[in-house]
Amino acid sequence: MKLVFATNNLNKLKEVQMLIPSQIQLLSLADIGCTEDIPETSSTIEGNAKQKAHYIKQHYGYDCFADDTGLEVAALNGAPGVYSARYAGESRDANANMDKLLSELDGKENHNAQFKTVIALEINGKLKTFTGICKGKITHTKKGTGGFGYDPIFLPNGYSKTFAELPLNEKNKIGHRGKAVQLLINFLNP
Ligand code: IMP
């Protein structure tokens, strides 16, 4: 089975590749010659995931899945959420995003947060979604050098290390994207 994973994010690709069984041949956007930015104009995480998967099916004809992820912080009423990538501006700078989040939470007691990933799969003319959530806390400082995005400031519940300090296979086991990918694999039943 051939399936496109509609992402330009090499970190996401690496995480997902570790989980996908060999019966599924994963194609990247580079593999299918897609070099343009895929539109993400929805106001929800689910909407963006669906939009990205549908775009690839429509323009390139491949069965496809796409992931959209947001970090939802309780004390900020769920922000940055769907706007996580551009929280500190259009440059999508991970360090600037984390700095902004840490300063917004400065002095607030409640640091509870969750990562939410929605994977949208468009296959055989049908659109399905799979959601993975990982609950945890935002730290007071950045810790660790692994992972990407907000990983250095996210402490998953039950762990004393941030996602950026944990090995990738451990993040995948308990993480939002790993959970959503597992549901996708169960559905595909390759
Ligand atoms: P998107 O799903 O690529 O739109 O990601 C939205 C934002 O969340 C970006 O700033 C990403 O860097 C960040 N992000 C997505 N997935 C993760 C993750 O697994 N860990 C940390 N940050 C993430």
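Indexing begins at 1, ligand by ligand and atom by atom, following the structure's order. We number each residue from 1, following the sequence as shown.
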Check whether any N or O atom of Glu15, backbone or side chain, sits under 3.5 Å from an N or O atom of ligand 1, and answer yes or no. no
Where do Lys135 and Asn157 land on the side chain to side chain donor-acceptor pair (under 3.5 Å) test, with the steps shown first? CA-CA 6 Å; Lys135 291 182 185 289; Asn157 281 348; over 6 Å; no
Hey, is Glu15 close enough to Arg177 for a salt bridge, meaning N to O under 4.0 Å? yes
What's the shortest distance from atom 10 (O) of ligand 1 to any protein heavy atom, and which residue and atom give it? Ala85 CA, 3.2 Å
Who's the nearest protein heavy-atom neighbour of atom 8 (O) of ligand 1, and how far? Ser84 CB, 3.8 Å
Out of all atoms in ligand 1, which are within 4.0 Å of some heavy atom of Glu40? Include the element for each. 4 (O)
What heavy-atom pair brings Ser84 and Gly81 nearest, and what distance separates the two atoms? OG-O, 2.6 Å
Compare every heavy atom of Cys134 with every heavy atom of Ile174, then report the nearest pair and how far apart it is. O-SG, 3.5 Å
Are any of the N or O atoms of Tyr150 closer than 3.5 Å to those of ligand 1? yes
For atom 5 (O) of ligand 1, closest protein heavy-atom neighbour: Thr69 O, 3.6 Å
With respect to atom 17 (C) of ligand 1, which of Tyr83, Tyr87, Phe148 exhibits the smallest heavy-atom separation? Phe148
Is it the case that the side chain of Asn48 and the backbone of Ser42 share a donor-acceptor pair, with hydrogens and angles ignored and the cut-off at 3.5 Å? yes
At the 4.0 Å heavy-atom cut-off, does Asp67 count as touching ligand 1? yes
Run the numbers for me: atoms of ligand 1, each under 4.0 Å from some heavy atom of Lys171, listed by number. 18 (C), 19 (O), 20 (N)
Given side chain to side chain contact (heavy atoms under 4.5 Å, CB included), test Phe154 with Leu101 step by step and report yes or no. CA-CA 11 Å; Phe154 187 82; Leu101 187 51; over 6 Å; no
Which of the atoms in ligand 1, numbered in the order shown and given with their element, are less than 4.0 Å from a heavy-atom of Lys12? 1 (P), 2 (O), 3 (O)
For atom 12 (O) of ligand 1, what's the nearest protein heavy-atom neighbour? Residue, atom name and distance, please. Gly149 CA, 3.4 Å
Paired with Phe5, the side-chain contact (heavy atoms from CB on, under 4.5 Å) test is passed by just one of Asp31, Leu29, Val16, namely Val16
Step by step, work out the side chain to side chain donor-acceptor pair (under 3.5 Å) result for Tyr159 and Glu170. CA-CA 11 Å; Tyr159 285 74; Glu170 200 69 32; 3.3 Å; yes
Within-cut-off N or O pair, Lys52 and ligand 1, under 3.5 Å: no
When Lys52 is tested against each of Asp37, Asp67, Asp68 for salt bridge (charged side-chain N to carboxylate O under 4.0 Å, His left out), which residue passes? Asp68
Measure the distances from the heavy atoms of Arg86 to every atom of ligand 1 and state whether one is below 4.0 angstrom. no
Within less than 4.0 angstrom of ligand 1, does Asp68 place any heavy atom? yes
In terms of side-chain geometry, is the basic nitrogen of Glu46 or Lys50 positioned less than 4.0 Å from the acidic oxygen of its partner? yes
So is Arg92 in contact with ligand 1, going by heavy-atom distances below 4.0 Å? no
According to a hydrophobic-cluster definition based on side-chain heavy atoms being under 4.5 Å apart (Ile, Leu, Val, Met, Phe, Trp, Tyr only), do Val118 and Leu127 belong together? no
Looking at ligand 1, does Asp151 have a heavy atom less than 4.0 Å from it? yes
Nearest to atom 16 (N) of ligand 1, what protein heavy atom do you find, and at what distance? Arg177 NH2, 2.7 Å
